[in-house]
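Notes to accompany the following structure.
Keep in mind the model is a prediction, meaning the values are calculated, not measured. Chain A is the first sequence line, chain B the second, and so forth, proteins listed ahead of strands; every chain is numbered from 1. Heavy atoms only: backbone and side chains are in, while hydrogens, waters and symmetry mates are out.
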Number of protein chains: 2
Amino acid sequence: MKLPVSTEWLLHCAASLAQLEAGATASATQLAQYFDVPAAYLAKQLQSLVRGGVLAATTGPRGGFRLARDAARITLLDIVEAVDGASDPYECREIRQRGRGALSPEECRSPCILARKMAEAHDAWRQSLAATTLADIVAAIPASAPARTRARLTGAP
Amino acid sequence: MKLPVSTEWLLHCAASLAQLEAGATASATQLAQYFDVPAAYLAKQLQSLVRGGVLAATTGPRGGFRLARDAARITLLDIVEAVDGASDPYECREIRQRGRGALSPEECRSPCILARKMAEAHDAWRQSLAATTLADIVAAIPASAPARTRARLTGAP
DNA sequence: GGCCCGGTACTCGGATACAGTTTGTCCGAGTCCAAGCGG
DNA sequence: CCGCTTGGACTCGGACAAACTGTATCCGAGTACCGGGCC
């Protein structure tokens, strides 16, 4: 089980976008320079967030990415699942119905107890991530940070 | 984020071994036939559980795998982490210290808030899995199952 | 008959190929801004 | 001087290759059992 590296990038990107003024945008190039990561690949991953409804993108000059809705309405889970997919990492393939020890279909009416326990753990993980919003993140950093972030994102030295 | 398919195999293998009489063993071949999975690959993965201290292996005829300790002392987390590794799927690479928006080292004394939230979620997942033992699994299945499992594992038609 | 010895078959264990996903890169479609031209 | 047109540059979006982890397989090392031979 391993999360892509881009997950970290996008979490930080979203947190940075949350520090912008309402309506302001940042381009993929600006974000890539801000974090020193491959611009093209970052752009590709940002599209995942757009598809996931977390970010909104506008093309053309002065365009870029911005949060699709208020920072208080975007949870860390939204971001992670948009990047990495929302499927349970544990996939029950009904192994109990195969091979020499196959169970009869009647015995498999209720889902496998192991799959259920794994799903519960996944839910615990999801709930933990869903408990934090981008607004919480912004509130946790120093009050002077947003102004600096905005300045450095737009490119002024 | 995706868990290997073998995770399901080994969870079921461990659950089956927990249904054996104390001291009894089952070989990789028997388990593979029981679940209809590639025997060689299953054997390789069972080694992970041996290295993780979950199973004990004895070579030679009548040999095979058995639980390394009492089923009540083996949690699902022990198995999953033995197979898949115990590292946090989210790896903080301190992206905040790189690029144009790099923070000063003093500001990075405390760990990144995002990494902390992700670690909390991982802990919630771990705790959920650690709450269930193999003994709990065995207790949840019908009382008649262990006898049948033993019969079908050993190969009697 | 009991004990020792050797062969055999079965077990795990690690080293070795194949495939799918993640990572990284590229170029094209669309759009807004700005300058230049005409009225 | 003002408005329209046209060019340009900048943006995202999807299509196209390399690298790494997970998947699958094989053969070798070791060990307990079983049969035969010897005392």
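- Here B:T58 does not reach the OP1 or OP2 of C:dT11: none of its side-chain N or O atoms lies under 4.0 Å away.
- Listed nucleotides: D:dT25, C:dG13, D:dG13. Nearest to the side chain of B:Q47: C:dG13.
- Distances shorter than 4.0 Å separate some side-chain N or O of B:Y41 from OP1 or OP2 on D:dT23.
- Residue A:R62 has no polar side-chain atom (N or O) positioned under 4.0 Å from OP1 or OP2 of D:dC12.
- At C:dG14, one or more side-chain N or O atoms of B:R51 fall inside 4.0 Å of OP1 or OP2 (strictly under the cut-off).
- Between A:L3 and A:P61, the residue anchored nearer the 5' end of DNA chain C, judged by the nucleotide with its closest heavy atom, is A:L3.
- Residue B:S27 has a polar side-chain atom (N or O) positioned under 4.0 Å from OP1 or OP2 of C:dT11.
- B:R93 and A:E8 are not joined by a salt bridge, as no carboxylate oxygen comes within less than 4.0 angstrom of a charged side-chain nitrogen.
- Each of B:K2 and B:A28 has a nearest nucleotide on DNA chain C; the 5'-most of these lies closest to B:A28.
- If you measure from atom CG of B:L49 to atom P of C:dC12, you get 13 Å, rounded to the nearest angstrom.
- Closest contact between the side chain of B:A40 and the listed nucleotides D:dT25, D:dA24, D:dT31 involves D:dT25.
- Atom pair A:L42:CG and D:dG13:P shows a separation of 13 Å (rounding to whole Å applied).
- The existence of a salt bridge linking B:E107 and B:R109 is excluded, since no basic side-chain nitrogen approaches an acidic carboxylate oxygen closer than 4.0 Å.
- One interatomic measurement links the two molecules: CG of B:L46 to P of C:dG14, which rounds to 13 Å at whole-angstrom precision.
- In this entry the distance linking CD of B:Q30 with P of C:dT11 reads 7 Å, nearest Å.
- Using a 4.0 Å cut-off between charged nitrogen and carboxylate oxygen, B:K2 and B:D84 do not count as a salt-bridge pair.
- If you take CD of B:E91 and P of C:dT22, they are 16 Å apart, rounded to a whole angstrom.
- The pair B:D123-B:R126 meets the salt-bridge criterion, with a side-chain N (NZ, NE, NH1 or NH2) lying under 4.0 Å from an Asp/Glu carboxylate O.
- Listed candidates were C:dG13, D:dT21, D:dT11. Nearest to the side chain of B:F65 is C:dG13.
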